[in-house]
Amino acid sequence: MLTSDIKLKKSTAKTPASDPTNPYEIMIRQFDVAAKIIGLDHDAYNVLKTPARQYLVSLPVKMDNGKFQVFEGYRIIHNTSRGPSKGGIRYSPEVNLDEVKALAAWMTWKCAIADIPYGGAKGGITCDPFKMSENELERLTRAYTAAMSDVFGVDKDIPAPDVSTGPREMAWIVDEYSKLKGAFTPGVVTGKPLHLGGSEGRLEATGRGVYTATVAAIKKLKINPVKALAAVQGFGNVGSITAKHMASHGIRVVAISDHTGAWYNPKGINIERAIDYRTGNHGVLKGFSDGKLISQEELLTLDVDILAPCALENQIRRSNASEIKAPLIVEGANGPTTSGADEILNEKGITVIPDILANGGGVTVSYFEWTQNRFGYYYPEDEINSRNDRSMNRAFNNVWKVAQQHKVPLRIAAYIFALEKVSKALKSRGGY
Ligand code: GLU
């Protein structure tokens with residue numbers, strides 16, 4: 001082949017369509033589509049496009065070896081038009097400003113869709129919790145709380161768990177914050193242990209809500225739940241509880257995964273056994289034997305009825321979206337689908353229940369926890385669960401209706417619903 005041929009080929013090659021994986025860029029793309037459809041006015045557009053406040057702190061922490069390590073900690077308050085800001089704190093080596101900015105905005109939309117009186121926020125620390133001891137994590141959490149003690153507040157900003165944080169970290173935050181303020185303040189965070197002002201049903205709330213949204217969609221799509229097959233990506237709190245609820249209601253979960261691997265069993269994986277195995281195996285599925293080891297990509301493209309990405313961002317991209325066979329995707333994770341992938345999924349007629357709708361059960365029960373803390377009166381689990389189910393069904397129906405009305409995918413419908421609600425509050429409050 002002549003060199004000139006190669007040159008010719010290169011110059012005529014089609015530039016691959018862009019597929020940004022920056023979560024903030026993705027959030028803005030989705031936001032723009034919805035804002036245009038509803039003709040969101042310029043002022044509201046500008047206010048809601050950018051986070052209201054951004055905090056970045058350096059956290060010096062004494063490690064077990066006696067040396068100091070400095071970690072970066074973030075808290076982004078996206079918007080507080082509808083109430084105090086709400087959103088989790090994640091610990092991961094990937095945490096960065098744009099990720100936390102996107103996650104904070106998603107919380108604003110999520111709270112509006114769930115119809116709970118909060119704005120949106122998110123926090124994070126760039127660290128690898130799997131490589132840190134419990135003592136190091138405690139010192140890091142306390143340092144972060146101290147640095148953010150004037151940001152957090154029962155009526156200001158209320159954190160919660162997110163990726164790699166849970167009741168243990170929330171208990172440390174309550175303790176540090178209460179000491180600094182000189183008053184026991186359990187309502188400053190949600191997702192606490194039950195014995196420290198936590199709520200019944202909170203631990204399972206997100207996965208339960210993902211399952212409720214799945215059932216609501218299954219009915220609309222006329223998928224037979226008893227014959228349905230599901231693949232669940234991620235086996236942390238959200239993925240494992242989602243899989244557990246699916247399996248216990250007759251959906252056959254044929255594949256599960258975590259960051260140590262993915263497992264496939266066409267007969268259905270025994271989820272209870274997988275949870276027990278993980279619990280006794282340092283929190284990971286590594287070595288799990290009830291299924292064949294497959295790749296993460298294979299899990300996403302299995303021939304199933306329901307795909308539930310419950311791990312991290314950017315799992316479904318332009319590069320693998322066309323291979324997806326599931327007619328229904330339920331986003332347990334925040335931001336698992338890029339906007340480039342969304343275009344392909346929409347063309348293929350795949351229904352996507354977006355993160356800001358599908359995983360709203362967590363923050364909904366966080367709201368119940370917060371109200372219980374304020375009243376000092378606690379509800380039984382069945383009461384919390386049925387309120388969560390009702391709220392998820394109502395949110396799903398609201399978004400479904402908007403989708404029909406505007407003839408748009410559920411993600412855009414969810415944004416439309418949220419934007420209308422948040423901009424209304426913004427306008428009523430007025431400004432400078
Ligand atoms: N981190 C969870 C989420 O992304 C829960 C937030 C909360 O409960 O405040 O929705």
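Small disclaimer: the values here were computed from a predicted structure and weren't measured. Atoms within each ligand, like the ligands themselves, are counted from 1 in listed order. All residue numbers refer to positions in the sequence shown, counting from 1.
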In the protein, what heavy atom is nearest to [atom], and what distance, to one decimal place, separates them?
atom: atom 7 (C) of ligand 1; value: A160 CB, 3.3 Å
atom: atom 3 (C) of ligand 1; value: K110 NZ, 3.3 Å
atom: atom 9 (O) of ligand 1; value: K86 NZ, 2.8 Å
atom: atom 8 (O) of ligand 1; value: S366 OG, 2.6 Å
atom: atom 5 (C) of ligand 1; value: R202 NH2, 3.6 Å

Please work out which of the three classes, parallel, tilted or perpendicular, describes the rings of W109 and Y415, given edges at 30° and 60°.
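It falls in the tilted class, 30° to 60°.
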Would you please determine whether [X] falls within less than 4.0 Å of ligand 1 on a heavy-atom basis?
X: G87; value: yes
X: P161; value: yes
X: R90; value: no

With a cut-off of 4.0 Å, which atoms of ligand 1 are near a heavy atom of M107?
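The atoms of ligand 1 under 4.0 Å from a heavy atom of M107 are 3 (C), 4 (O), 6 (C), 10 (O).
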Should you measure from each heavy atom of K122, which atoms of ligand 1 turn up under 4.0 Å away?
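Near K122, the atoms of ligand 1 are 1 (N), 3 (C), 4 (O).
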[X] and [Y] ion-paired at < 4.0 Å:
X: E313; Y: R90; result: yes
X: K36; Y: D32; result: no
X: R139; Y: D64; result: yes

Taking the cut-offs as 6.0 angstrom to the six-membered ring centre and 45 degrees off its axis, would you call R387 and Y379 a cation-pi pair?
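Yes - R387 lies over the ring of Y379, closer than 6.0 Å to its centre and within 45° of its axis.
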Using distance alone, with no hydrogens and no angle criterion, decide if N359 and N334 have a side-chain donor and acceptor under 3.5 Å apart.
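Checked: N359/N334 side chains pair up, N/O donor to acceptor below 3.5 Å.
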Side-chain H-bond candidate by donor/acceptor type, Y144 with R142, under 3.5 Å
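On atom types as modelled, these side chains do not qualify, holding no pair under 3.5 Å.
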Provide the full list of salt bridge (charged side-chain N to carboxylate O under 4.0 Å, His left out) pairs with a residue in residues 235-260, sequence neighbours left out, each pair given once.
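Residue pairs with at least one partner in residues 235-260: E204-K244.
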I want to know if ligand 1 touches N334 in the polar sense, i.e. an N/O pair below 3.5 angstrom.
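N/O-N/O distance below 3.5 Å exists for this pair.
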